[in-house]
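What follows is a single structure, written as structure tokens, with notes after it.
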Amino acid sequence: MNLYDRIPNNVNLSEDKKLQRALEKWLPNYLDWWREMGPEGFQEKDVWLRTAVDVGSEGWAHFDYVKMPEYRWGIFLEPALPDAKVGFGDNYGRPAYQEVPGEFRNSLRRIIVTQGDTEPASVEQQRQLGKTCPSLYDLRNLFQVNVEEGRHLWAMVYLLHAYFGRDGRDEADELLERRSGNPDKPRILEAFNQPCDDWLNFFAFTMFTDRDGKYQLSALAESGFEPLARTCQFMLTEEAHHMFVGDTGLGRVVRRTAQLMKEGDVRELGGIPLDIIQKYINFWFSYSLDLFGGEISSNSADFFAAGLKGRYKERDQYTDHLAVNENFTMTIVEEGQVKTREVPLRNALNEVLRGEYVKDCEKGLARWNKVLAGEGASERLFLPHPRFHRHVGEFAGHTFDIKGNLISREEFEQRQAEWLPTMEDREYVSSLMHPVYEPGKIANWIAPPAAGIKGKPFEFEYVKL
Ligand SMILES: [Fe+2]
Ligand SMILES: [Fe+2]
């Protein structure tokens with residue numbers, strides 16, 4: 001581990017002078033982007049952050065006060081397996097690709113650029129949130145997520161520079177040029193152009209949208225292109241914290257709301273009513289489902305056949321790694337009706353991955369409902385039907401109610417205020433967002449966490465303001 005190189009890395013960067021020079025040229029552009037688009041107003045503050053210092057399961061994270069622009073962004077890959085093999089698809093069992101196979105070059109570049117684009121996008125979406133944090137603990141978690149998304153951008157940029165020559169370098173530059181929500185140069189995926197400007201959005205985003213990231217990275221961690229697999233394996237260890245922030249954050253909002261429900265009217269008491277929480281869940285869950293791509297997809301079949309993108313836990317969960325003879329029963333819309341159709345399994349792999357994701361999200365809902373039950377509330381939260389409010393794939397262009405029944409566009413438009421946050425809901429939530437910067441204090445609309453970070457108490461001064 002060369003932690004004190006200009007670019008910390010465990011890929012022996014100093015032995016590849018050309019690559020090192022190229023990345024050192026990209027570094028100041030990255031820092032310019034960070035200063036322009038990273039958390040606004042906190043760049044000079046000391047934040048108690050974890051920094052990756054090793055990829056081993058023991059002690060890979062080091063905690064200390066750091067100013068964000070001085071964070072040790074670096075390139076960390078899991079160690080190579082001797083004798084790695086392609087784990088699925090038409091080249092199953094052959095040696096893993098150590099270089100980009102020419103025939104898959106465009107597909108691979110597209111996969112890496114699409115993943116890479118989400119990382120800086122989320123930092124841009126979240127850049128104003130520090131000004132309204134509910135506690136110093138939450139402020140620190142926000143910044144932790146932000147610097148790690150910055151590191152994930154480094155991870156993808158390393159692959160582009162190291163393996164894709166000139167067009168890889170061009171793509172790396174463009175990753176710093178697109179901007180979330182900018183109509184002239186938007187980020188690639190729609191969920192990453194949506195505003196994330198209040199903390200309920202932030203928690204729902206880290207719960208649902210970062211969790212999409214977990215499934216995409218897991219599928220890529222199976223990749224036969226070994227540098228990509230090893231990169232994604234290490235990113236997953238960091239990603240777990242982001243989902244923890246979202247899952248427990250929403251759980252704490254739910255707890256506080258349930259407590260206020262016992263005292264009277266949640267709105268009058270300055271909390272977030274359960275129906276608004278439900279609408280935020282509906283919004284971010286449906287946008288995150290879109291990130292998996294079309295239900296029936298020739299890309300998914302091609303990526304699998306090529307050994308580039310596997311299924312979730314491909315090695316551990318499946319015995320048939322070819323997936324050629326199986327079919328998948330897909331729900332589709334035909335002649336104004338919801339029907340089923342058999343499609344080749346390889347064409348259904350986006351939907352298979354989406355199914356794993358939905359199961360994982362349901363566990364989060366069960367945890368929040370347990371909080372509600374524990375506080376004596378009889379109301380329950382739920383996931384909307386996966387057909388609801390979709391903009392990509394089989395169900396885009398049709399309108400469904402929250403339970404997945406096909407309805408007319410007029411009916412959807414009449415009823416969407418029941419299901420999705422209205423302007424008024426968003427304004428109400430943002431009216432509650434006032435910063436709480438005193439150690440140990442917390443905003444009224446959220447409960448404190450069950451524990452602090454890394455053995456520190458909630459009262460710890462996580463950010464020195
Ligand atoms: Fe990430
Ligand atoms: Fe993340």
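Order of listing sets the numbers, starting from 1, for every ligand and every atom in it. What you see below is based on every heavy atom in this structure, not just the backbone, and it leaves out hydrogens, waters and symmetry mates.
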State whether [X] contributes an N/O/S atom found under 2.8 Å from the Fe ion (ligand 1).
{"X": "E119", "result": "yes"}
{"X": "H152", "result": "yes"}
{"X": "D210", "result": "no"}

Exactly one of V157, L175, L153 clears side-chain contact (heavy atoms from CB on, under 4.5 Å) with Y30, and that residue is L153
Angle class for the F104/Y97 ring planes (parallel below 30°, perpendicular above 60°, tilted otherwise)? tilted
Side chain S122, main chain E119, donor-acceptor under 3.5 Å: yes
Okay, side chain of S180, backbone of F192: is any donor-acceptor separation there less than 3.5 Å? yes
message = Let me check your reading of the structure: within less than 2.8 Å of the Fe ion (ligand 2), is there an N/O/S atom from E239?
response = yes
For H242, the N, O or S atom at the shortest distance from the Fe ion (ligand 2) is ND1
Between the CZ atom in F458 and the CG atom in L136, the distance rounded to the nearest 0.5 Å is 8.0 Å
For E149, the N, O or S atom at the shortest distance from the Fe ion (ligand 1) is OE1
